[in-house]
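Ligands are counted one by one from 1 in listed order, and the atoms in each one are counted from 1 as well. Throughout, numbering of the chain's residues begins at 1 and tracks the sequence.
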Amino acid sequence: MDIKFIPTPQKRQKPNFNKLGFGQYFSDYMFEMNFLPGQGWVNPEHKAYGPISIEPSSMVIHYGQTVFEGLKAYMTPKKEILLFRPQRNIKRLNRSSARICIPEVDEALALKAIIEHVKLNRDWVPDVDGASLYLRPIIFSTEESLGVAPSDSYKFMVISSPVGAYYAEGFNPVKIYIEDEYVRAVRGGIGEAKTAANYAASIKAQQIAKEKGFSQVLWLDGVEQKYIEEVGTMNVFFKINDEVITPQINGSILQGVTRDSVITLLKDFGYKVSERKVSLMEVLAAMNDGSLLEAFGTGTAAVISPIGEIYYNGKTLRMNNGKVGPLAQKLYDTLTGIQTGRLEDKHGWTVKVE
Ligand code: COI
């Protein structure tokens, strides 16, 4: 299917690429395609970024039937642009959609739309260390109806934002608050889907943690509140002695692309990686006896986010003297090295935009 191109009458003003923050600025072009009753996905087009019009009765506003993705385009030293494992994000988009009854998009068309989107916005890919163009594909229901049911129409869009570090700390250890009141997901729920409700569910705990001086929340399982699931909006890893442990996929944990890449790199480095249940008690005991050597979050936005302190039950536990651990550093350097074309891509993860 060909994608229509409508040139923008006016380019947007570019921000200072050295002071981007996260998700504050948006590039010139966006992609849009509609799912219509009896027609399926039709009318794909690239056009100027700008407001869209939807009815107040659009189902997404009421019942949140919407999914999203996050992936990045990087500028290499040779001024080529690379995407990191975009096919995996597209597959996950369709899996998230399937969970909440949104019709799948054609994977090849979605990849073409993403690549063309980056090409059209190529001067928005920052040529600055630690920065990239963050791509945000979204699908949402548009039927005008108040009945709780799958919508008969949807919109698929791709927007993009030049970004720097996700956390104000940058690549520095963050302080974590263990959340044992609120949960983000439960067994049989939608935790594994990248859908808005999971993020809405996390905001309150995140706000409380912030007010108490912490950057992120460590999420426990929604059934027993005993096992660790995620940290902030990321997957989480613990290095206890020589074993690197990450919670196993269980339906409520997001199947992170960075998580999968980190597991592969750890195996390349020769580590024993265990995807298994890991209880809060196991982690606290390992902190107390000094066998917890490092902990870090992984995600597209932050890449690797080292954990420096964990607060629980009135006690603050520090690890690695609150400094970036050697493993987190090595993973960050290797992953960003591959993403930006500075290191060999042995696993064929990057896709050149040309
Ligand atoms: C990502 O790491 O891409 C995420 O999904 C986090 C996002 C909610 C900012």
Aromatic ring centroids of Y177 and Y312 under 6.0 Å?
no
Any N/O pair A302/ligand 1 closer than 3.5 Å
no
Do Y199 and ligand 1 have an N or O pair less than 3.5 Å apart?
no
Any carboxylate oxygen within less than 4.0 angstrom of a Lys/Arg side-chain nitrogen, looking at R259 and E275?
yes
Would R276 and E243 pass as an ion pair if we require N to O under 4.0 Å?
yes
Heteroatom distance test (T233, ligand 1): nitrogen or oxygen, under 3.5 angstrom
no
Counting only nitrogen or oxygen atoms and a 3.5 angstrom limit, does R136 reach ligand 1?
no
Check this for me, if you would: do R88 and D260 make a salt bridge, where the nitrogen-to-carboxylate-oxygen distance has to be below 4.0 angstrom?
yes
Ranked by distance from atom 2 (O) of ligand 1, the top protein heavy atom is A301 N, 2.8 Å
Would you mind checking which non-hydrogen protein atom is closest to atom 3 (O) of ligand 1, with the distance to 0.1 Å?
Y134 OH, 2.8 Å
Closest contact, heavy atoms only, Y29 versus I6:
CE2-O, 3.6 Å
Under 30°, 30 to 60°, or over 60°: which ring-plane class applies to W124 and F17, parallel, tilted or perpendicular?
tilted
How does K194 reach ligand 1, if at all, at less than 4.0 Å between non-hydrogen atoms: by side chain, backbone, both, or neither?
side chain
The atoms of ligand 1 lying under 4.0 Å from a heavy atom of Y166, numbered in the order shown, are 9 (C)
